[in-house]
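Data block below; observations after.
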Amino acid sequence: QVQLVESGGGLVQAGGSLRLSCAASRRTFSRYAMGWFRQVPGKERDIVAAISWSGGVTYYADSVKGRFTISRDNNKNTVYLQMNSLNPEDTAVYYCAARNAVVLTTVDKEYDYWGQGTQVTVSS
């Protein structure tokens, strides 16, 4: 079992930045691919970014390319999502997810563990 705890969400003005963190409970964190998803009410949960176990391979949704950066620190069992140039369309609940595999995936059903989510609100 892996417990994931997100932090770093909040309210920010358009153009601003936030950094989300996701701390994992297991020391085998380095064996897990990680992903960030987001969801707005009434819509499906969408992939934002994902990272392989080593951090060597990353994926970004087109809507966040060039603005968001996913990274991980396996020594701290933590994955990060640096979000820059935020706009109101980025407003959502952001979820961290862990997949018991070294290869990343963009499919939410292929992740095994989820955090509780953190709200990000971008005002115009």
Side-chain angles (χ1 to χ4, degrees):
Q1 192 77 1
V2 177
Q3 292 184 332
L4 303 173
V5 179
E6 300 104 332
S7 61
L11 174 64
V12 64
Q13 288 188 332
S17 298
L18 284 174
R19 187 175 83 154
L20 305 183
S21 299
C22 173
S25 62
R26 289 200 64 167
R27 285 179 289 180
T28 53
F29 172 77
S30 63
R31 300 179 188 174
Y32 288 77
M34 302 295 295
W36 285 99
F37 290 78
R38 65 187 181 187
Q39 188 171 28
V40 297
K43 293 190 176 182
E44 294 185 350
R45 187 165 52 192
D46 293 327
I47 182 75
V48 175
I51 190 167
S52 62
W53 70 279
S54 67
V57 180
T58 57
Y59 167 87
Y60 295 95
D62 287 343
S63 59
V64 306
K65 278 181 182 176
R67 301 188 298 122
F68 291 11
T69 303
I70 188 170
S71 62
R72 65 189 297 161
D73 185 338
N74 288 343
N75 292 323
K76 295 183 178 180
N77 291 357
T78 301
V79 63
Y80 304 97
L81 185 68
Q82 177 66 44
M83 305 186 295
N84 298 329
S85 301
L86 286 160
N87 59 62
E89 289 70 38
D90 296 315
T91 295
V93 177
Y94 283 71
Y95 296 92
C96 169
R99 181 189 192 212
N100 192 1
V102 297
V103 177
L104 65 84
T105 179
T106 62
V107 180
D108 60 353
K109 293 180 175 57
E110 295 180 358
Y111 283 85
D112 301 294
Y113 305 101
W114 292 84
Q116 81 287 353
T118 185
Q119 177 70 47
V120 171
T121 303
V122 184
S123 63
S124 57

Sub-3.5 Å donor-acceptor pair from the side chain of Tyr111 to the main-chain atoms of Thr105, do we have one?
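A pair under 3.5 Å: yes.
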
Mark yes or no for whether Arg45, through its side chain, and Tyr95, through its backbone, hold a donor-acceptor pair below 3.5 Å.
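Side chain of Arg45 to backbone of Tyr95, a donor-acceptor pair under 3.5 Å: no, none is there.
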
Without placing hydrogens or testing angles, list every side-chain donor-acceptor pair under 3.5 Å for residues 3-14, not counting sequence neighbours.
from : atom 1 : to     : atom 2 : distance (Å)
Glu6 : OE1    : Gln116 : N      : 3.0
Glu6 : OE1    : Gln116 : NE2    : 3.4
Glu6 : OE1    : Gly117 : N      : 2.9
Glu6 : OE2    : Cys96  : N      : 2.7
Glu6 : OE2    : Gly117 : N      : 3.3

State, with a plain yes or no, whether a side-chain heavy atom of [X] is found less than 4.5 Å away from one of [Y].
X     : Y      : answer
Thr91 : Val40  : no
Val2  : Asp112 : no
Phe68 : Leu86  : yes

Yes or no on side chain to side chain contact (heavy atoms under 4.5 Å, CB included) for Phe29 and Lys76, after CA distance, side-chain angles and deciding distance?
CA-CA 9 Å; Phe29 172 77; Lys76 295 183 178 180; over 6 Å; no

Do [X] and [Y] belong together in a cluster built from hydrophobic side chains that touch within less than 4.5 Å?
X      : Y     : value
Ile70  : Val93 : no
Ile51  : Val64 : yes
Val122 : Tyr60 : yes

Within this structure, what is the [atom1]-[atom2] distance for the pair [X] and [Y], rounded to the nearest 0.5 Å?
X      : Y      : atom1 : atom2 : value
Glu110 : Leu104 : CD    : CG    : 10.5 Å
Met34  : Asn77  : CE    : CG    : 9.5 Å
Ser30  : Asp73  : OG    : CG    : 11.0 Å
Gln39  : Glu44  : CD    : CD    : 8.5 Å
Glu89  : Ser124 : CD    : OG    : 9.0 Å

Sequence-distant partners of Ser17, side chain to side chain donor-acceptor pair (under 3.5 Å), two or more places apart:
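For Ser17 the side chain to side chain donor-acceptor pair (under 3.5 Å) partners, ignoring immediate neighbours, are Asn84.
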
Give a yes-or-no answer on whether the side chains of Tyr94 and Arg38 include a donor-acceptor pair shorter than 3.5 Å.
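Arg38 and Tyr94 do have a side-chain donor-acceptor pair below 3.5 Å.
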
Heavy-atom pair of closest approach, residues [X] and [Y]:
X     : Y      : value
Gly55 : Arg72  : N-CD, 4.0 Å
Lys65 : Asp62  : NZ-OD1, 3.2 Å
Gly56 : Ser52  : N-OG, 3.4 Å
Phe37 : Thr106 : CE2-O, 3.9 Å
Trp36 : Leu20  : CH2-CB, 3.6 Å
Val48 : Leu81  : CG1-CD2, 4.1 Å

Taking only residues two or more places apart in sequence, or in another chain, which ones meet Ala23 in a side-chain contact (heavy atoms from CB on, under 4.5 Å)?
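For Ala23, the residues satisfying side-chain contact (heavy atoms from CB on, under 4.5 Å) (neighbours in sequence not counted) are Thr78.
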
Please name all residues satisfying side-chain contact (heavy atoms from CB on, under 4.5 Å) with Val102, sequence neighbours left out, ordered by chain then number.
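Per chain and number, Val102 pairs via side-chain contact (heavy atoms from CB on, under 4.5 Å) with Trp53.
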
Results of salt bridge (charged side-chain N to carboxylate O under 4.0 Å, His left out) for Arg67 - residues two or more places apart only
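Scan of Arg67 (salt bridge (charged side-chain N to carboxylate O under 4.0 Å, His left out), adjacent residues dropped) gives Asp90.
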
Side chain to side chain contact (heavy atoms under 4.5 Å, CB included) between Asn100 and Tyr32, worked out
CA-CA 5 Å; Asn100 192 1; Tyr32 288 77; 3.7 Å; yes

Sequence neighbours excluded - disulfide (SG to SG under 2.5 Å) pairs with any residue from residues 44-77:
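Found none.
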
